[in-house]
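This report concerns only the one structure given below.
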Amino acid sequence: MALRADDLIDRRRLRRKLTFWRVAAIIVAAAGLIAFSAWIYGDDFTGAAVDHIAKVKIEGTITEDEELIKRLEAIRQSPRVKAVILSIDSPGGTTVGGESIYEAVRKLAADKPVVAEVGTLAASAGYMIATAADHIVARKSSIVGSIGVLIQYPDVSGLMDKLGVKLEEVKSSPLKASPSPFKPTNDDERAMVRKLILDSYDWFVGIVAERRNMTKPEALALADGSIFTGRQAVTNRLIDAVGGEAEAIDWLAGKGVDAKLKVVEWKDTEKRGGFLFSKAMAQTVGAALGLAGHGGDVLHEIGADRLFLDGLVSVWHP
């Protein structure tokens, strides 16, 4: 009987120890899951559940970006977001891409204070998006401006002549599929393209005049494609102040936003299809090429994505 009593006591001790280690394992696993989620999602995981200032980065060549539009709408609807900082570093891109993001930012700004913080560059469609904010700050040496629209197309007809290649075509009308890279552009084709360009240009200039409180002639005087430093842009009223995130937060504080709120970056969390097109793949290739940070879209990093823009573009080509 004494032996059986000792066995029972030992079993109870073992059961307690087992229970302790099970609880400890669950706690460690939970802590690991939290740490992993924080590493994957960054500040979004830890900060989005409390009141905060949302930060959205708009970088690289601008195209139609459905994910970014959805993200801006989610920020607009979030009761935890008290203000928004748009961090812009872009040479521009397609006019339609700039227009769609501009409209999404204006919709957001109707509900929450929005300030644009220009990094290295906010040109063309990048500047268009910045004007959608209620306030714009840029560094003294930032590049701002390049207000305008263009279409560029090659003329390879000379090369075709050298290679002995001849183009045959049957068209329903003279201007169909014009301009074409396979033959020189005539006066009628250039006139058609110019009408297209000037219409979008007039719309862009109108946005600048409206958002920057200028007359149309004042905006036109700055809309010759020129680029400006941040200091010049202040003088020309293209931006409101020189500075960075601290100055952006100071302005938000003047709008009643608590300056002590944490700034949380809302990142693109949509899954990309497969490893070949994933951020992991981009980081691997970026590391192999020695690109800064080993991250982001490799095409964006090397600027090659600008070679594949369709339609009207508003982009500054250095």
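FYI, side chains are in, hydrogens and waters are out, and symmetry mates aren't considered; it's all heavy atoms of this structure.
More than 12 heavy atoms of other residues, nucleotides or ligands lie within 6.0 Å of CZ in Arg237, so this atom counts as buried by the packing criterion. The number of heavy atoms from other shown groups lying within 6.0 Å of CZ (Arg211) is above 12.
Grouping Ile, Leu, Val, Met, Phe, Trp and Tyr residues whose side-chain heavy atoms lie under 4.5 Å apart, directly or via other members, places Leu163 in a hydrophobic cluster with Val156, Leu159, Met160, Val165, Leu167, Phe182.
By the criterion of side-chain heavy atoms lying less than 4.5 angstrom apart, applied directly or through intervening Ile, Leu, Val, Met, Phe, Trp or Tyr residues, Val137 is not grouped with Ile85; the two fall into different hydrophobic clusters.
Of all non-hydrogen atoms in Ile69 and Ala104, the two that sit nearest each other are CD1-CB, 3.8 Å. Residues Gly230 and Ile239 approach most closely at O-CD1, 3.5 Å, considering heavy atoms.
Remark: side-chain polar atoms of Arg71 are not paired, donor with acceptor, to backbone N or O of Val56 under 3.5 angstrom. Judged purely by atom type and a 3.5 angstrom limit, Ser90 has no side-chain atom pairing as donor or acceptor with the backbone of Glu59.
Sorted by first and then second residue, the salt bridge (charged side-chain N to carboxylate O under 4.0 Å, His left out) pairs with a member in residues 145-166 read Lys166-Glu168; sequence neighbours excluded. Identified under the salt bridge (charged side-chain N to carboxylate O under 4.0 Å, His left out) test for residues 129-142, with sequence neighbours left out: Arg106-Asp134. Sorted by first and then second residue, the ring-ring contact (aromatic ring centres under 6.0 Å, His included) pairs involving residues 126-179 (not counting sequence neighbours) are His135-Trp251. Sorted by first and then second residue, the side chain to side chain donor-acceptor pair (under 3.5 Å) pairs with a member in residues 215-225 read Asp202-Lys216, Thr215-Glu218, Asp224-Ser226; sequence neighbours excluded. Counting only residues at least two apart or on different chains, the salt bridge (charged side-chain N to carboxylate O under 4.0 Å, His left out) pairs with a member in residues 244-254 are Lys55-Glu245.
Residues Pro174 and Asp188 are not in side-chain contact: their nearest non-hydrogen atoms beyond the backbone lie 4.5 Å or more apart.
Under the 3.5 Å distance criterion, with hydrogens and angles disregarded, a donor-acceptor pair is assigned to the side chains of Ser146 and Ser124.
In summary, of the residues considered (Val81, Asp111, Val114), a side chain to side chain contact (heavy atoms under 4.5 Å, CB included) with Ile75 occurs for Val81 alone.
No salt bridge links Lys107 with Glu103; every basic N to acidic carboxylate O contact stays at or beyond 4.0 Å. A salt bridge between Lys70 and Asp268 is absent, with no side-chain N of the basic residue lying under 4.0 Å from a carboxylate O of the acidic one.
Here Lys255 pairs with nothing under the side-chain hydrogen bond (donor to acceptor under 3.5 Å, both in side chains) rule; sequence neighbours left out. Residues forming a side-chain hydrogen bond (donor to acceptor under 3.5 Å, both in side chains) with Gln77 (at least two apart in sequence, or on another chain): Glu73. For Lys176, there are no salt bridge (Lys or Arg N to Asp or Glu O under 4.0 Å) partners, not counting sequence neighbours. For Asp187, the salt bridge (Lys or Arg N to Asp or Glu O under 4.0 Å) criterion is met by Arg190, not counting sequence neighbours. By the side-chain hydrogen bond (donor to acceptor under 3.5 Å, both in side chains) test, Asn236 pairs with no residue at all, sequence neighbours left out. Partners of Glu189 according to the salt bridge (Lys or Arg N to Asp or Glu O under 4.0 Å) rule, which considers only residues two or more places apart in sequence or in another chain, are Lys183.
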Arg212 vs Asp240, salt bridge (charged side-chain N to carboxylate O under 4.0 Å, His left out): CA-CA, chis, key distance, verdict: CA-CA 9 Å; Arg212 301 308 303 166; Asp240 297 289; 3.0 Å; yes
